[in-house]
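Take a look at the structure set out below.
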2 protein chains.
Amino acid sequence: MNRVTIKSIANDLGISHMTVSRALSNSPNVQKETREAVQKRARELGYVRNAAAMVMRGDAPKIVGLLLPNIVNEFYARFANDMATACESHSLQLIIHLTNDDVANQQQALDRLQEVQASSVVMVPAPNGTDGDTPNTGSMRTIELIRQSRNAPDTPAILVDDGPAIRAATAHLARAGHTHIAYIGATSDLSSGRRRLEAFVQGTMEAGLTVPPEMIHTGAPSFAMGCDKANIILEESRATAILCGGFEISNGALSAVIDGSRNMERKIAFVGYGDPSFYAWIENGVSTVHVPVTELAHRAVDLITTQNGEASASNAFPAKFIAR
Amino acid sequence: MNRVTIKSIANDLGISHMTVSRALSNSPNVQKETREAVQKRARELGYVRNAAAMVMRGDAPKIVGLLLPNIVNEFYARFANDMATACESHSLQLIIHLTNDDVANQQQALDRLQEVQASSVVMVPAPNGTDGDTPNTGSMRTIELIRQSRNAPDTPAILVDDGPAIRAATAHLARAGHTHIAYIGATSDLSSGRRRLEAFVQGTMEAGLTVPPEMIHTGAPSFAMGCDKANIILEESRATAILCGGFEISNGALSAVIDGSRNMERKIAFVGYGDPSFYAWIENGVSTVHVPVTELAHRAVDLITTQNGEASASNAFPAKFIAR
DNA sequence: TTGAAAGCGCTAACAT
DNA sequence: ATGTTAGCGCTTTCAA
């Protein structure tokens with residue numbers, strides 16, 4: 001089962017492959033009959049042009065990479081979805097890679113993207129364990145998402161300005177009478193982890209509460225981590241509320257909190273991070289910090305399609321606290 | 001900013017590009033010094049091999065396409081995730097395309113996959129509006145997922161044997177005293193829609209109930225459709241229970257049911273389809289038909305990596321009814 | 001209106 | 001151990 005190429009068609013028709021090429025691209029410089037004959041035969045044979053050849057010649061559509069920790073979390077899924085749509089309408093080819101928040105996977109994905117001549121990458125940088133090396137993105141235009149890696153401070157980043165929302169969440173809990181509010185978030189080697197924790201501390205103090213260190217739980221962000229930390233908090237039973245600072249963490253912690261309230265009758269107030277649709281459907285709704293996904297995705301594509309990557313002032317999108 | 005190629009490196013070092021090629025692929029036929037010098041220079045210059053060139057030569061890693069209606073639904077997201085993992089370990093390159101259940105998008109995705117020389121596609125066939133034309137998958141090995149398109153009956157398909165589970169769900173509802181059970185599912189031009197509806201009808205009759213046609217709601221499966229139909233059922237208020245036959249439909253209907261119970265105090269029993277994690281967290285848990293995602297994904301990769309596509313007997317995976 | 005040649009980056013197969 | 005040639009599929013440039 002050999003591939004159909006312009007040459008095989010040319011052979012089949014007893015003409016030069018150039019004529020076939022021209023006919024297939026609707027060049028005016030082919031006799032109408034020839035053109036139609038060629039197109040007909042091409043259709044019959046099931047001809048498809050070879051993308052690799054186009055890439056080699058350099059006239060391929062722009063390829064954009066998207067590196068996400070995973071695709072199961074609704075935030076990331078929505079982002080991918082929205083970005084795919086936006087790319088479509090700009091005739092950009094989107095390639096999604098999952099890093100699982102692991103630097104090795106991340107670098108492998110970046111390498112593959114360079115191999116296919118991707119011109120840009122949008123990436124959620126993985127927490128860099130031993131730190132040290134900047135991810136190598138070669139000559140690809142790089143845009144960081146959500147987190148900003150400290151070792152590439154000049155890379156444009158699309159960030160969430162969630163400080164106010166987190167402070168509002170803290171205030172909300174304090175107003176409801178909670179004096180011991182636990183926080184679960186990412187380690188401070190992630191910019192997002194740092195910022196969110198700061199906001200939490202600040203919010204707590206603004207509410208006139210103290211922030212004992214044992215109320216603060218950080219680690220590499222993941223569903224399992226959120227789950228574990230929440231269980232610890234439930235065990236200790238000193239805190240009466242939990243506030244989360246991360247998409248995965250939030251889902252994990254929420255699952256632990258729900259299990260806890262069912263199986264052990266441990267009630268605890270909860271504020272999540274990110275706003276997957278089901279947060280509105282659970283019990284009477286889960287209060288949360290809402291992040292404007294679609295706007296982020298659009299900005300990403302904007303940054304890719306325009307040259308001036310330096311509107312960085314406007315690359316922070318405000319999150320919103322939703323009380324439910 | 002010119003790309004670094006073996007030729008540019010060769011030039012830079014004043015040697016032949018072949019030596020560079022050999023050095024970079026660790027061929028034994030290069031002097032150690034030469035090899036090391038080349039590798040060093042390549043690293044400095046940030047060389048990455050050109051995937052397009054490899055594809056043209058035909059020694060590229062196998063490419064596998066995955067066509068999904070969307071990636072936001074947790075079932076599809078998990079499938080993509082699991083398949084990505086499995087592909088990784090078989091050194092297959094996975095490319096995901098979203099069809100939005102639209103035939104035109106679907107064909108476009110298939111074309112692109114052929115252009116990049118994908119050897120196989122795993123696809124959830126879109127409902128074919130005017131029917132007629134089979135999706136053109138060229139010479140790619142095609143595997144259908146969940147649904148089986150009637151115009152390609154000999155294509156291997158990975159299906160869910162959900163009949164028993166759906167009948168169990170119906171029995172469950174009947175046992176709870178429901179005599180008017182509404183069904184929302186896909187149109188019968190989808191094999192899955194046909195099969196599930198049949199199972200529902202059969203289950204209802206087995207429970208000694210009649211199945212008035214106004215209890216059956218079908219259409220092109222989507223979140224919005226599930227939502228709309230559920231609202232209609234709530235309006236009519238003849239049914240006391242809803243059973244869903246589709247991933248998207250289920251989520252849509254569930255959202256309508258929850259809204260309904262909150263805003264208008266219309267209580268109705270609900271059994272969903274698919275088992276996104278949050279179904280366990282809502283109220284006291286949502287009963288549902290559970291589909292074994294991971295197994296499906298693994299089978300897909302199995303089928304791709306082995307030649308014998310014809311173990312089709314074992315390509316149906318049993319769903320499980322989960323009462324919550 | 002058609003064709004022939006060259007070249008994109010790479011490696012297998014021959015030289016040397 | 002190293003270099004040369006050819007060819008994967010395609011289009012741009014130049015020639016007929």
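Chain identifiers are assigned alphabetically (A, B, ...) following the order of the sequence lines, protein sequences preceding nucleic acid strands; residue numbering begins at 1 within each chain.
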Whole angstrom is fine here: how far is it from [atom1] in [X] over to [atom2] in [N]?
X: R22(A); N: dC14(D); atom1: CZ; atom2: P; result: 14 Å
X: I6(B); N: dC8(C); atom1: CD1; atom2: C1'; result: 12 Å
X: N2(B); N: dG7(C); atom1: CG; atom2: P; result: 16 Å
X: Q114(B); N: dC10(D); atom1: CD; atom2: P; result: 13 Å
X: L13(A); N: dT2(C); atom1: CG; atom2: P; result: 12 Å
X: K7(A); N: dC8(D); atom1: NZ; atom2: P; result: 5 Å
X: I9(B); N: dG9(C); atom1: CD1; atom2: P; result: 12 Å
X: R3(B); N: dG7(C); atom1: CZ; atom2: P; result: 20 Å

Under 4.0 Å between a side-chain N/O of T19(B) and OP1 or OP2 of dG3(D), yes or no?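 Looking at the OP1 and OP2 atoms of dG3(D), one of them is under 4.0 Å from a side-chain N or O of T19(B).
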
Could you tell me whether the side chain of [Y] reaches within less than 4.5 Å of the side chain of [X], counting heavy atoms only?
X: I15(B); Y: V38(B); value: yes
X: N100(B); Y: T85(A); value: no
X: I304(A); Y: R141(A); value: no
X: R22(B); Y: T34(B); value: no

Apply the test salt bridge (charged side-chain N to carboxylate O under 4.0 Å, His left out) to residues E115(B) and R112(B): give CA-CA distance (whole Å), side-chain angles for both, the deciding distance (0.1 Å), then the verdict. CA-CA 5 Å; E115(B) 290 175 8; R112(B) 281 235 233 280; 5.7 Å; no

Touch class at under 4.0 angstrom, heavy-atom based, for [X] against every strand present:
X: R49(A); answer: sugar-phosphate
X: T34(A); answer: sugar-phosphate
X: M54(A); answer: sugar-phosphate

Judged by each residue's nearest nucleotide on DNA chain D, which is more toward the 5′ side, M56(A) or S16(B)?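 Closest to the 5' end, via its nearest nucleotide, is S16(B).
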
Closest-nucleotide ordering on DNA chain D, the 5'-leading residue of N50(A) and R35(B):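 By nearest-heavy-atom nucleotide position, the 5'-most residue is R35(B).
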
T5(B) side chain: which of dG3(C), dT2(D), dG9(C) is closest?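 Output: dG9(C).
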
Of the nucleotides dC10(C), dA1(D), dT11(D), which one has an atom closest to the side chain of Y47(B)?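 From the listed options, dC10(C) comes nearest.
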
Below 3.5 Å, does any donor atom in the side chain of H17(A) face an acceptor in the base of dT11(D), or the other way round?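 Result: at least one qualifying N/O pair found.
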
Suppose we call a contact any N or O donor and acceptor under 3.5 Å apart; does that hold for the side chain of R57(A) and the base of dG9(C)?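 Flag unset: no donor-acceptor pair detected.
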
Relative orientation of the end axes in the helix from dT1(C)-dA16(D) to dT16(C)-dA1(D), expressed as an angle to the nearest 10° (five pairs per end):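 Rounded value for the end-axis angle: 60°.
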
Decide side chain to side chain contact (heavy atoms under 4.5 Å, CB included) for I146(B) and V160(B); before the verdict, give the C-alpha distance in whole Å, the side-chain angles of both, and the deciding distance to 0.1 Å. CA-CA 6 Å; I146(B) 305 291; V160(B) 179; 3.9 Å; yes

Do N29(A) and S27(A) get their side chains close enough for a donor-acceptor pair, meaning under 3.5 Å?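 No donor-acceptor contact under 3.5 Å links the two side chains.
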
Would you say R35(B) has more than 12 foreign heavy atoms packed within less than 6.0 Å of its CZ?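 Count over threshold, so yes.
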
Hey, which sits more toward the 5' end of DNA chain C by its nearest nucleotide, Q31(A) or Q117(A)?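 Counting from the 5' end, the first nearest nucleotide belongs to Q31(A).
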
